[in-house]
*Asks:* 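Pasting a structure here, questions to come.
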Amino acid sequence: MPCRETPCCRREEMVDIDRELLPALEQRRQQHLYRTRHVLTSPQGVQVETGGRSYVAFCSNDYLGLANHPEVVKTLQQAAADWGVGSGASHLIYGHCHQHHALEEELAEFTGRPRALLFSTGYMANMGVIRALAEQGDHIFEDYLNHASLLDGGFLSRARCKRFKHSDIDDLEHSLESVGNTGRKLVVSDGVFSMVGDLVRLPELAKTCDQYGAWLMVDDAHGFGVLGERGGGVAEHFGMGVNDLPILVGTLGKGFGTFGAFVSGSEALIETLIQYARTYIYTTALPPAVAAATRTSLKILQRESWRREKLQALITQFRHGVEQIGLELLPSATAVQPVLLRDDRLVMEVGAALRQRGYLVGAIRPPTVPRGSGRLRITLSAEHSEAQVDGLLTALADGVGESR
Ligand SMILES: *Cc1c(COP(=O)(O)O)cnc(C)c1O
């Protein structure tokens, strides 16, 4: 059920600015790009409820099934009793409590780096880090498919931003060469590209950065928990220490199943961020109980490697099934498994057909992805069963057959 709470639906309450806003909304609707929300009436999980109906969800970033894990929930409850709800202030003005500090120390150890710093969201971490590290006269190089928050971080800084073709090291080298030796150079990339599911070419990228004296920053929002033996993401997968990959960002709202984000790196990097990252300084610290719950989820994430193994088995099953149907997959070995349909209308129709059959998937259209590359963004979780994945495959085959 689309949410009916959007102001544009209550026309009788029209105000002056609406005269200008409404035509643009109408245009978006006609382009099949209009976005609506659905109200969930259940907790996050592989089985969710919305609009009075139950669905199997293949659209969550809760890849390991920790968002509603009983141990994580219990920690949050107990920590709320012990630490209250709000943190009351920013980290620098006595909002930084023991739970935040302990989580930072555990995240530093987990990522094999000297220090880690908590941010309230991944979006803020990326904007804050890039702005803090680059100023006028510097150069930022972004992969073409980087997450919006990395791109916005570049725009927000006063450095010159360039985008290189997706995972194209030659194109990056060409750009690095063109700026010569003026200013700092910061190369920025997703670890796992969120709309494709493929991995950053980390060893090559690190080597190039070394050659050109550039700094490397990787945002591994979708890799943590999923990749690496202990869930350490692309850095663990490729065995990249703090020298090769000095600026490592992770988010806590995906594989970790909670909320927030962190940056791992050297002592000097973290101290620099504490001094200069505006999205760190001028915002309220996370609720302490969320930090406490994340400490529990970090333990489970490392300990229960069966979750990663199960996920990999489901990924193999899913990819095999999609190939048999004859649909187009992207080169992904992660929990993000997009099915490329290309046509915006088809994306919407197949999305609706799946919903009718009881499956929820992400229907992704421009401007989130380039024009003509509309896709279903299917994400798998360690909590899915083989039968649920088979059910989705059958529904997908039927839905596409019907809509074409
Ligand atoms: C989700 C995501 C973010 C944003 O993280 P939030 O904590 O949700 O703000 C940043 N980068 C990437 C690559 C993401 O996928």
Side-chain angles (χ1 to χ4, degrees), residues 35 37 44 59-64 66-67 100 103-104 107 111 116-131 140 142-156 163 166-167 186-202 205 216-227 232-235 237 245 247-264 273 277-280 283-287 290-291 293-294 297-298 301 330 332 334-338 362 364 367-369 375 377-381:
R35 300 163 192 254
R37 303 172 302 169
Q44 191 58 246
C59 49
S60 167
N61 301 319
D62 177 26
Y63 304 128
L64 302 180
L66 299 180
H100 300 122
L103 174 58
E104 287 183 346
L107 286 168
T111 52
L117 187 70
L118 274 181
F119 278 77
S120 294
T121 72
Y123 214 113
M124 291 168 70
N126 286 335
M127 292 206 300
V129 171
I130 297 175
R131 171 101 203 252
I140 298 170
E142 303 237 14
D143 188 287
Y144 206 83
L145 295 187
N146 273 356
H147 188 264
S149 56
L150 293 170
L151 299 175
D152 283 0
F155 298 141
L156 197 64
R163 288 166 90 175
H166 177 51
S167 282
L186 180 64
V187 174
V188 181
S189 178
D190 276 23
V192 172
F193 289 88
S194 48
M195 294 299 146
V196 180
D198 57 336
L199 308 194
V200 59
R201 292 170 62 188
L202 198 46
L205 211 56
L216 180 57
M217 168 176 177
V218 167
D219 166 9
D220 200 17
H222 300 275
F224 277 110
V226 173
L227 299 167
V234 286
H237 178 83
L245 173 50
I247 308 152
L248 177 58
V249 178
T251 67
L252 302 171
K254 290 170 179 154
F256 283 85
T258 60
F259 189 79
F262 64 93
V263 181
S264 285
L273 297 178
R278 294 164 63 84
T279 57
Y280 180 77
T283 200
T284 303
L286 277 179
V290 171
T294 306
S297 100
L298 174 59
L301 176 149
L330 293 172
S332 164
T334 65
V336 179
Q337 291 291 334
I364 312 285
T368 309
V369 292
R375 65 198 65 178
R377 183 174 180 274
I378 290 163
T379 54
L380 299 166
S381 159

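Both ligands and their constituent atoms are indexed starting at 1 by order of listing.
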*Asks:* Would you please write out the protein residues whose heavy atoms approach any atom of ligand 1 to under 4.0 angstrom, listed by chain and number?
*Replies:*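 Lining ligand 1 at under 4.0 Å, by heavy atoms, one finds T121, G122, Y123, N126, H147, S149, D190, S194, D219, A221, H222, T251, K254, G260.
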*Asks:* Does the side chain of V226 come within less than 4.5 Å of Y63's, by heavy atoms?
*Replies:*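 Yes, close enough: below the 4.5 Å cut-off.
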*Asks:* Name all residues meeting the ring-ring contact (aromatic ring centres under 6.0 Å, His included) criterion together with F262; count only those two or more places apart in sequence or in a different chain, and write none if there are none.
*Replies:*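 Partners of F262 by the ring-ring contact (aromatic ring centres under 6.0 Å, His included) criterion, ordered by chain and then number, come out as F224.
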*Asks:* When rounded to the nearest 0.5 angstrom, what distance separates CG in L103 from CG in L118?
*Replies:*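 Interatomic distance, L103 CG to L118 CG, rounded to 0.5 Å: 4.5 Å.
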*Asks:* Among side-chain atoms of Y144 and N146, is any donor-acceptor pair under 3.5 angstrom?
*Replies:* no
*Asks:* Could you tabulate the donor-acceptor pairs under 3.5 Å formed by side-chain atoms of residues 190-200, not counting sequence neighbours?
*Replies:*
from : atom 1 : to   : atom 2 : distance (Å)
D190 : OD1    : H147 : N      : 3.1
D198 : OD2    : H166 : NE2    : 2.6

*Asks:* Using atom types as modelled, flag every donor-acceptor pair under 3.5 Å from a side chain in residues 119-127 to any protein atom, sequence neighbours excluded.
*Replies:*
from : atom 1 : to   : atom 2 : distance (Å)
S120 : OG     : T284 : O      : 3.1
T121 : OG1    : Y123 : N      : 3.4
T121 : OG1    : M124 : N      : 3.1
Y123 : OH     : D152 : OD2    : 2.6
N126 : ND2    : S149 : OG     : 2.9
N126 : ND2    : D219 : OD2    : 2.9

